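Presented below is the structure to which this report refers.
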Amino acid sequence: MAEHDLSPFYLTTAISYPNGRPHIGHAYEAIAADVIARFQRLRGRDVRFQTGTDEHGLKMARKAEEQGRTARDLADEMSSYFQQMCDVLNVKYDRFIRTVEDDHHRASQAIWQRMEAAGDLYLDRYEGWYSVRDEAYYDESELKQGEGGQKLSPQDTPVEWTVEESWFFRLSKYQDQLLDWLKTPGNVEPASRRNEMVAFVEGGLRDLSVSRTSFDWGVKVPGSDNHVMYVWVDALTNYLTGLGFPDETANMEKFWPAGLHLIGKDIVRFHTVYWPAFLMSADLPLPKQVFGHGFLLARGGEKMSKSLGNVVDPLDLAETFGVDALRYFLMREVAFGQDGSYSPEAIVTRANAELANSFGNLAQRTLSMINKNMDGNLEAFELADADTQLLDLVRGACMVDLPREFDNLAFSTGIEAWIKAVYACNQYVDEQAPWTLKKTDPERMKVVLQTLLRALGYLGVAIQPVVPEKAALLLDQLGIADNARSFASFDEPAWFDGLVTSGFTIAKPTPIFPRLELPETEDA
């Protein structure tokens with residue numbers, strides 16, 4: 001396998017704004033991040049994975065007021081739904097951060113004080129357009145005309161004219177440094193997002209309003225009674241909070257700068273213009289990469305929104321189709337970085353064709369035939385040319401092609417290489433016809449079945465990041481020890497030889513991927 005980076009790896013998602021329950025878009029990002037974290041751990045890296053909720057700002061304050069409750073009460077309830085989503089979808093984070101937590105307030109005030117010490121904050125008056133839904137300021141030139149003369153942001157959210165005293169951050173001071181960073185390939189991906197941000201910065205940066213006085217639900221500005229921080233200063237700082245900033249912790253030393261901020265394409269500006277500028281001002285290293293993935297669109301290509309009534313609860317999908325089938329579909333169906341769409345029909349079609357009929361069936365009939373025709377016993381054997389060709393193909397797909405593509409966040413391409421290896425195994429079964437060999441050449445039948453068993457080891461190890469529960473079920477049945485399931489440690493001949501030596505027997509298999517059916521109420 002090619003050389004790869006084994007340095008400690010810090011991975012974050014955007015922290016979700018919990019003014020409503022999580023939808024499938026939130027699940028898509030969380031699952032993708034979990035796949036990356038699991039994959040990098042299997043590569044042998046020390047990984048820290050953080051997600052969470054962004055609970056301050058005017059939007060949350062107004063939502064709570066509408067419901068006649070405190071903002072903290074609303075935040076506590078809504079944040080719990082995002083934690084539940086991660087638990088159900090098997091998203092294994094190291095920290096779920098909430099911006100209401102004390103250590104986060106401390107970290108946010110510390111970065112503010114660093115920016116102030118650098119001479120980058122000054123008090124002035126803000127007059128301009130603000131989108132409560134985006135928690136973002138927009139220049140007049142960026143606005144669109146909506147129905148009835150309503151001005152809209154570039155994201156089609158309403159904006160309102162805002163006038164208040166505000167602290168400003170000298171964003172314009174960092175224009176040249178930001179351009180140098182943005183123009184370096186790899187820092188901001190994919191290239192389309194990088195080019196958008198280069199054009200935005202080249203258009204000229206204005207200083208940024210970074211505090212509000214019209215509400216008090218947020219992190220207090222140090223030394224001020226009536227200013228709270230602009231929610232994005234607070235939100236972005238979460239990536240430092242999770243490592244113990246401002247203290248010089250072991251985690252800060254090991255994991256900062258972040259290896260990857262994984263975010264949606266609608267918040268790329270905050271992460272690739274504002275955030276690096278804040279870090280430059282605070283004299284902190286910049287993240288190694290920010291990746292802005294595309295949207296997951298509803299049936300018909302519509303963007304999901306509560307106002308359109310097309311928001312899908314990911315927990316309903318997981319319950320209907322299974323967690324691993326849903327994870328597989330989301331990583332397989334969409335070229336990561338681009339927009340994609342989903343439908344129940346598409347999930348069922350993909351899962352049945354590739355997981356049930358191809359991979360699951362391959363495992364089921366291989367293990368069943370070994371259990372039935374060999375009494376589950378394994379023995380040393382010599383490979384014929386056809387066997388060697390198959391194992392070389394499967395090894396290349398699982399140990400070279402899939403890891404290379406996953407390193408580049410090209411999940412669908414990596415899974416494509418993997419499923420082609422599954423297809424090759426099924427073609428080998430058809431060509432070798434072990435059910436016929438049972439009568440004509442029982443020794444050759446044993447070789448064919450055990451060659452398939454060895455191929456299943458590769459296939460099961462490689463697909464673990466995507467379908468962790470089902471892959472573990474297969475690897476258990478194959479007798480592969482927990483500590484031998486990483487890319488770094490899996491040694492196929494040694495694993496198989498160990499089974500033979502230890503007298504391991506293949507039991508009657510448990511099916512891995514049963515076929516899915518569309519629910520009868522799917523029209524709803």
Side-chain angles (χ1 to χ4, degrees), residues 11-39 41 47-55 74-98 242 262-264 293 295-296 298 304 306 310-334 336 340 342-344 346-348 350-351 355-356 360 411 415 463-474 476 510-519 521-522 524:
L11 163 69
T12 70
T13 66
I15 50 173
S16 302
Y17 209 82
N19 64 322
R21 288 173 180 253
H23 56 64
I24 190 66
H26 296 114
Y28 179 53
E29 182 170 299
I31 288 168
D34 184 68
V35 169
I36 295 166
R38 289 176 184 272
F39 168 69
R41 289 189 187 110
V47 174
R48 184 172 177 84
F49 167 29
Q50 178 166 302
T51 188
T53 43
D54 170 17
E55 301 170 36
L74 174 65
D76 287 346
E77 180 195 345
M78 289 299 173
S79 181
S80 73
Y81 297 135
F82 286 82
Q83 293 177 62
Q84 180 192 19
M85 177 193 77
C86 289
D87 293 343
V88 169
L89 298 176
N90 208 357
V91 172
K92 300 295 186 188
Y93 50 79
D94 294 289
R95 174 159 181 188
F96 188 99
I97 194 165
R98 298 185 57 196
L262 188 65
I263 58 165
H293 63 76
F295 289 143
L296 197 61
M304 277 179 272
K306 287 187 280 293
N310 61 359
V311 172
V312 175
D313 186 335
L315 304 194
D316 291 345
L317 289 177
E319 184 176 357
T320 302
F321 302 117
V323 171
D324 277 4
L326 177 62
R327 288 172 63 109
Y328 182 87
F329 173 83
L330 293 176
M331 295 298 96
R332 170 75 168 115
E333 189 78 6
V334 181
F336 201 62
Y342 104 97
S343 69
I347 295 173
V348 168
R350 177 74 77 180
L355 295 179
F411 306 115
I415 297 171
I463 205 64
Q464 288 177 98
V466 183
V467 290
E469 187 180 338
K470 299 295 190 179
L473 177 60
L474 173 62
D476 287 346
T510 303
I512 305 170
F513 284 105
R515 282 182 57 82
L516 299 179
E517 302 290 339
L518 271 174
T521 58
E522 199 280 308

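In this text the structure is predicted, and so the values were computed from the model without any measurement. We use all heavy atoms of the structure for the numbers below, so side chains are in, but hydrogens, waters and symmetry mates are not.
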query = Out of curiosity, Met85 CE to His23 NE2, how far, rounded to the nearest 0.5 Å?
reply = 9.5 Å
key: ring-ring contact (aromatic ring centres under 6.0 Å, His included) partners for Tyr93, two or more places apart   = Phe96
request  = Check whether any side-chain heavy atom of Cys86 lies under 4.5 Å from a side-chain heavy atom of Thr51, and answer yes or no.
outcome  = yes
Heavy-atom pair of closest approach, residues Leu516 and Ala325 = CD1-CB, 4.1 Å
query = Can you name the salt bridge (charged side-chain N to carboxylate O under 4.0 Å, His left out) partners of Arg38, sequence neighbours left out?
reply = Asp34
key: Thr13 OG1 to His26 NE2 distance, which is reported to the nearest 0.5 Å   = 10.0 Å
task = Write out all pairs satisfying salt bridge (Lys or Arg N to Asp or Glu O under 4.0 Å) with one or both partners inside residues 86-96, taking only residues at least two apart or from two chains.
result = Arg41-Asp94, Arg95-Glu101, Arg95-Asp103
inquiry  = Are the side chains of Ile36 and Phe411 in contact, using a 4.5 Å heavy-atom criterion?
reply    = yes
ask   = Rounded to the nearest 0.5 Å, how far does CG of Leu355 lie from CD1 of Ile512?
value = 10.0 Å
Glu517: side-chain contact (heavy atoms from CB on, under 4.5 Å) partners, not counting sequence neighbours = none
ask   = Looking at CG of Leu317 and CD1 of Ile24, how far apart are the two atoms once the value is rounded to the nearest 0.5 Å?
value = 5.0 Å
task = Using salt bridge (charged side-chain N to carboxylate O under 4.0 Å, His left out) as the criterion, list what pairs up with Glu29, not counting sequence neighbours.
result = none
note = Of all heavy-atom pairs linking Pro314 and Leu326, the shortest is O-CD2, 4.0 Å
ask   = If you take all heavy atoms of Ala14 and Ile263, which pair is closest and at what distance?
value = CB-CG2, 4.0 Å
message = Testing the basics here: between Leu89 and Ala318, what is the closest heavy-atom pair and its distance to 0.1 Å?
response = CD2-CB, 3.9 Å
Distance in Å, Gln464 CD paired with Leu474 CG, rounded so as to fall on 0.5 Å steps = 9.5 Å
key: Pairing residues for Arg515 by the side chain to side chain donor-acceptor pair (under 3.5 Å) criterion, not counting sequence neighbours   = Asn357
key: Lys/Arg cation over aromatic Phe329: Arg350, 6.0 Å, 45° cone   = no
message = Applying ring-ring contact (aromatic ring centres under 6.0 Å, His included), can you list everything that pairs with Tyr28, at least two apart in sequence or on another chain?
response = His293, Phe336
key: Pairs meeting criterion salt bridge (Lys or Arg N to Asp or Glu O under 4.0 Å) with involvement of residues 315-324, two or more places apart   = none
query = In Å, rounded to the nearest 0.5 Å, how long is the span from CG of Asn90 to CD1 of Ile31?
reply = 9.5 Å
inquiry  = Gln83: which residues meet the side chain to side chain donor-acceptor pair (under 3.5 Å) condition with it, sequence neighbours left out?
reply    = none
task = Heavy atoms only: give me the nearest Gly242-Ile97 pair and the separation to one decimal.
result = N-CD1, 4.0 Å
ask   = For Tyr328, what residues pass the ring-ring contact (aromatic ring centres under 6.0 Å, His included) criterion, not counting sequence neighbours?
value = none
ask   = With distance as the sole test, does Arg327 use its side chain to make a donor-acceptor pair with the main-chain N or O of Pro465 at under 3.5 Å?
value = yes
remark   = Sorted by chain and residue number, the side chain to side chain donor-acceptor pair (under 3.5 Å) partners of Thr53 (sequence neighbours excluded) come out as Glu55, Ser79
ask   = Partners of Asp313 by salt bridge (charged side-chain N to carboxylate O under 4.0 Å, His left out), sequence neighbours excluded?
value = none
ask   = What are the two closest non-hydrogen atoms of Tyr342 and Val312, and how far apart are they?
value = OH-CG2, 3.0 Å
